[in-house]
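See structure below.
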Amino acid sequence: MDIRVNSLIAFPKVENFKKEIKNKKILNITRRGKYILFHLSQNKTMVVHLRMTGKLLIKDPETSLDKHTHVIFHLNKDKELRFNNIRKFGRIYLVNDNEYKNAGGLSELGPEPLAEDFTLEKFKKKFNNRTANIKALLLNQKFIAGLGNIYTDEILYRSAVDPKRKANTLKETEINKIYNNMREILKLGIKYNGTTFSDYVNAFGEKGRFQEKLQVYQKNGEKCNRCGRKIKKTKVAGRSTYFCSGCQK
DNA sequence: GGCTTTGTTTTATA
DNA sequence: GTATAAAACAAAGC
């Protein structure tokens, strides 16, 4: 493999990473929250977090290198797996199977929102006495895994809930809506291959189309489809937040 | 060259 | 120890 930017290798040290991953076979690939897990032979797992602007691309070796390609894995069948990352925020870890302590926050993630056994009842229980605003909670990976800024804004818009609402003031009907919309919107996002504003593409270079379905994210100044008032942009939980003050209460 | 961007980690405080 | 909020950090693009 070629490591052109050392800072993307988070664990272990670059030289050990290179040694340990050599000649390993990719058995299968799974996901937990925003972490991608490459299950390798000899009880190793390579964990990848793309953070912002990270991409994993399958390329032919003769394809010219992008200036933001920072790590290259040489696969068999004459293919390369390239880690491309404009902002260099992504991280790659190589750990023993099921020993995720050295892989960032992976070992502390909350439940998977789309898991079959993650019922409405379980979701409701998590709200007990939580006083943080609902946007901060949904973004908190320890509370629930996998939601980022775009999807959180869309979930709260569809649920007609103000992002600044304290979690312990939400009515049961509102939590129901958040639960249903969370699952609905994540499924839609997957169906439409994600959201491409500027640079996101999948492993084969294809853009997503979910941006066509967004109701509030980056739509400040535009009319709300539900009540007609203008979508506003503000900051909640330290993140840019788009919402309709007319119908999100 | 300061501001924006998001996801995570760190720090401070209660 | 836990919950929360704010700040810090990553670095390129405009």
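Naming convention: chains lettered A, B, ... in sequence-line order (proteins, then strands); numbering from 1 in each chain.
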- Item | Stepwise side-chain contact (heavy atoms from CB on, under 4.5 Å) test for Lys59(A) and Leu65(A) | CA-CA 10 Å; Lys59(A) 295 279 187 185; Leu65(A) 283 186; over 6 Å; no
- Item | Test side chain to side chain donor-acceptor pair (under 3.5 Å) applied to Glu206(A) and Asn202(A), step by step | CA-CA 5 Å; Glu206(A) 300 161 339; Asn202(A) 69 13; 2.8 Å; yes
- Message: Please determine whether side-chain contact (heavy atoms from CB on, under 4.5 Å) holds for the pair Lys44(A) and Asn96(A), giving the CA-CA distance in whole Å, both sets of side-chain angles, and the decisive distance to 0.1 Å.
- Response: CA-CA 5 Å; Lys44(A) 290 281 181 183; Asn96(A) 294 323; 2.9 Å; yes
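Of the listed nucleotides (dT5(B), dT8(B), dA10(C)), dA10(C) has the atom at the smallest distance from the side chain of Arg91(A). For His49(A), the listed nucleotide lying nearest its side chain is dT8(B); candidates were dT8(B), dT6(B), dA5(C). Of the candidate nucleotides dG13(C), dA11(C), dT4(C), dT4(C) has the atom lying nearest to any side-chain atom of Arg130(A). Checked against dT5(B), dT8(B), dT4(C), the side chain of Ala132(A) finds its nearest nucleotide in dT4(C). The side chain of Lys88(A) lies closest to dA12(C), out of dT8(B), dA10(C), dA12(C).
In this structure, the side chains of Leu138(A) and Tyr151(A) stay at 4.5 Å or more apart for every pair of heavy atoms.
Here the C1' atom of nucleotide dA3(C) and the CZ atom of Phe143(A) are 12 Å apart, to the nearest Å. Whole-Å rounding puts the Asn149(A) CG to dT8(B) C1' distance at 14 Å. Per the geometry, CD1 belonging to Ile150(A) stands 7 Å off P belonging to dG7(B), to the nearest Å. At whole-Å resolution of the value, NZ in Lys235(A) and C1' in dC3(B) are 10 Å apart. The CE-C1' distance, from Met52(A) to dC9(C), rounds to 13 Å in whole Å. Rounded to whole angstrom, the span from the CG atom of Asn85(A) across to the P atom of dA12(C) amounts to 10 Å. Straight-line distance from the NZ atom of Lys126(A) to the C1' atom of dT2(C): 14 Å, rounded to whole Å. Distance, Asp199(A) CG to dC14(C) P: 11 Å, rounded to whole Å.
For Lys34(A) and dT8(B), the shortest distance from a side-chain N or O to OP1 or OP2 is below 4.0 Å. Under 4.0 angstrom from either OP1 or OP2 of dG13(C) there lies at least one side-chain N or O belonging to His68(A). Proximity of Lys233(A) to the phosphate of dT5(B): a side-chain N or O atom is located under 4.0 Å from OP1 or OP2. The phosphate of dT8(B) has OP1 or OP2 within less than 4.0 Å of a side-chain N or O from Gln141(A).
For Lys24(A), the NZ atom counts as densely surrounded, since its 6.0 Å shell holds more than 12 non-hydrogen atoms of other residues, nucleotides or ligands.
Along DNA chain B, the nucleotide nearest Phe89(A) and the nucleotide nearest Glu108(A) are compared for position; the residue whose nucleotide lies closer to the 5' end is Phe89(A). Across the interface with DNA chain C, nearest-nucleotide mapping of Ile86(A) and Leu137(A) shows Leu137(A) to be the residue nearer the 5′ end.
Backbone-only engagement by Lys166(A) is indicated by non-hydrogen atom pairs under 4.0 Å involving sugar-phosphate atoms exclusively. Contact annotation for Thr53(A): no contact, since no heavy-atom pair falls under 4.0 Å across all strands. Among the protein residues, Tyr151(A) comes within range of no part of the nucleic acid, since none of its heavy atoms lies under 4.0 Å from any strand.
A donor N or O paired with an acceptor N or O is not found under 3.5 Å between the base of dG13(C) and the side-chain atoms of Arg87(A). Side-chain to base pairing of Arg239(A) with dT8(B): one donor and one acceptor N or O lie within less than 3.5 Å of each other.
Here the shortest heavy-atom pairing between Pro111(A) and Ile144(A) reads O-CG1, 3.4 Å.
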